[in-house]
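The residues of the chain are indexed from 1 along the displayed sequence. Just follow the structure's listing: the first ligand is 1, and inside any ligand the first atom is 1.
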Amino acid sequence: MYALKDKEMIFVFTGPHGAGRKTVAEMSGSTLGMKQVISYTTRPPKATEEDGQDYHFISPAQFVQAQANDEFIEVSTVNDHLYGIKSADIESMFELSGSIYLILNRFGAETLRKLYGDRVVLIFIYADRDKLEQRMRESGDPDDIIAKYLSYYEDELSFRDECDHVFENVDLAHTVFDLTKTLDLYLNRNLVDLD
Ligand SMILES: Nc1ncnc2c1ncn2[C@@H]1O[C@H](COP(=O)(O)OP(=O)(O)OP(=O)(O)O)[C@@H](O)[C@H]1O
Ligand SMILES: Nc1nc2c(ncn2[C@@H]2O[C@H](COP(=O)(O)O)[C@@H](O)[C@H]2O)c(=O)[nH]1
């Protein structure tokens with residue numbers, strides 16, 4: 001397991017699927033110069049997804065081999081597909097930035113909190129069920145996948161009380177504005193006061 005240095009912080013974005021975690025994390029993360037640690041998955045890529053950008057797409061055999069080599073800090077199964085984060089990627093992203101972020105389900109968020117305690121900030125992003133369904137339909141997800149993800153909605157939502165910050169993502173610009181202000185408080189960026 002990677003040992004965190006001095007001021008290094010890990011931000012974990014969690015919440016129900018389709019709430020906009022990826023969208024808001026990327027917008028605030030790039031504004032603040034944070035690096036994303038990309039997960040590995042055995043799920044096949046969607047038409048819009050790129051290897052190395054959205055996920056590292058690997059075969060089940062490659063995943064099992066990496067697991068046997070003890071490369072993953074955390075592994076989760078969703079809809080019969082494996083997902084995991086490699087310890088080496090956490091280390092290499094910290095070489096590029098003092099703070100990193102990940103987008104994980106509640107089980108991944110819980111594991112990182114157990115491993116790194118209060119050096120992990122849990123950010124819960126949600127929207128109501130109807131909005132999520134609408135967004136998944138607009139993204140072109142098939143009906144059976146939408147139904148599966150919606151079946152996890154209540155369980156994912158119940159995790160919000162265990163998170164440090166909660167944002168309802170209705171208006172994207174407002175969410176990103178509020179989120180960026182919140183993350184900035186953790187970053188000690190030594191800004192010059194121009195007032
Ligand atoms: N505030 C918003 N209003 C409308 N659409 C949004 C908003 N935020 C995100 N979206 C859209 O909702 C869809 C899901 O967003 P995103 O992929 O960021 O969600 P996610 O929580 O990371 O879920 P996933 O696990 O599918 O990646 C995307 O098409 C995105 O453009
Ligand atoms: N615990 C982990 N959860 C992960 C990881 N990578 C992604 N996820 C979450 O899984 C679901 C399904 O993702 P999808 O892109 O196939 O819809 C979603 O909640 C992701 O945030 C991981 O490494 N560990």
Legend entry - Aromatic ring proximity, centroids under 6.0 angstrom, Y55 and Y83: yes
Inset, instruction - Return the set of residues passing side chain to side chain contact (heavy atoms under 4.5 Å, CB included) with E156 (not counting sequence neighbours), or none when no residue passes. - result: T14, P16, N105, R106, Y152
Legend entry - Close residues, ligand 1: non-hydrogen atom nearer than 4.0 Å: P16, H17, G18, A19, G20, R21, K22, T23, R135, S139, N169, V170, L172
What are the distances between nitrogen or oxygen atoms of ligand 2 and protein nitrogen or oxygen atoms, counting only those under 3.5 Å?
{"residue": "ligand 2", "atom": "1 (N)", "partner": "E74", "partner atom": "OE1", "Å": "3.4"}
{"residue": "ligand 2", "atom": "1 (N)", "partner": "E74", "partner atom": "OE2", "Å": "2.8"}
{"residue": "ligand 2", "atom": "1 (N)", "partner": "N105", "partner atom": "OD1", "Å": "2.8"}
{"residue": "ligand 2", "atom": "1 (N)", "partner": "G108", "partner atom": "N", "Å": "3.4"}
{"residue": "ligand 2", "atom": "3 (N)", "partner": "N105", "partner atom": "N", "Å": "3.3"}
{"residue": "ligand 2", "atom": "3 (N)", "partner": "N105", "partner atom": "OD1", "Å": "3.4"}
{"residue": "ligand 2", "atom": "6 (N)", "partner": "S39", "partner atom": "OG", "Å": "3.0"}
{"residue": "ligand 2", "atom": "13 (O)", "partner": "Y55", "partner atom": "OH", "Å": "3.2"}
{"residue": "ligand 2", "atom": "15 (O)", "partner": "R43", "partner atom": "NH2", "Å": "3.0"}
{"residue": "ligand 2", "atom": "15 (O)", "partner": "Y55", "partner atom": "OH", "Å": "2.5"}
{"residue": "ligand 2", "atom": "16 (O)", "partner": "R43", "partner atom": "NE", "Å": "2.5"}
{"residue": "ligand 2", "atom": "16 (O)", "partner": "R43", "partner atom": "NH2", "Å": "3.4"}
{"residue": "ligand 2", "atom": "16 (O)", "partner": "Y83", "partner atom": "OH", "Å": "2.4"}
{"residue": "ligand 2", "atom": "16 (O)", "partner": "Y149", "partner atom": "OH", "Å": "3.2"}
{"residue": "ligand 2", "atom": "17 (O)", "partner": "H17", "partner atom": "ND1", "Å": "3.2"}
{"residue": "ligand 2", "atom": "17 (O)", "partner": "Y149", "partner atom": "OH", "Å": "2.5"}
{"residue": "ligand 2", "atom": "19 (O)", "partner": "R21", "partner atom": "NH1", "Å": "3.2"}
{"residue": "ligand 2", "atom": "19 (O)", "partner": "R21", "partner atom": "NH2", "Å": "3.2"}
{"residue": "ligand 2", "atom": "21 (O)", "partner": "R21", "partner atom": "NH1", "Å": "3.0"}
{"residue": "ligand 2", "atom": "21 (O)", "partner": "R21", "partner atom": "NH2", "Å": "3.4"}
{"residue": "ligand 2", "atom": "23 (O)", "partner": "S39", "partner atom": "OG", "Å": "2.8"}
{"residue": "ligand 2", "atom": "23 (O)", "partner": "G84", "partner atom": "N", "Å": "3.3"}
{"residue": "ligand 2", "atom": "24 (N)", "partner": "E74", "partner atom": "OE1", "Å": "2.8"}

Inset, instruction - Could you pull out the closest heavy-atom pair between Y101 and E26, with the gap in Å? - result: OH-CA, 3.5 Å
Inset, instruction - Kindly give the heavy-atom pair with the smallest separation between H17 and L132, and that separation in Å. - result: O-CD1, 3.4 Å
Legend entry - Non-hydrogen side-chain atoms of D54 and K22 separated by less than 4.5 Å: yes
Legend entry - Same apolar cluster: F177 and F167, side chain cutoff 4.5 Å: no
Legend entry - L122 with L4, same ILVMFWY side-chain cluster at under 4.5 Å: yes
Legend entry - Non-neighbouring partners of I85 that pass side chain to side chain contact (heavy atoms under 4.5 Å, CB included), sequence neighbours left out: V37, S39, I73, E74, I90, L102, L104
Inset, instruction - Could you tell me whether Y40 and F57 have their ring centroids closer than 6.0 angstrom? - result: no
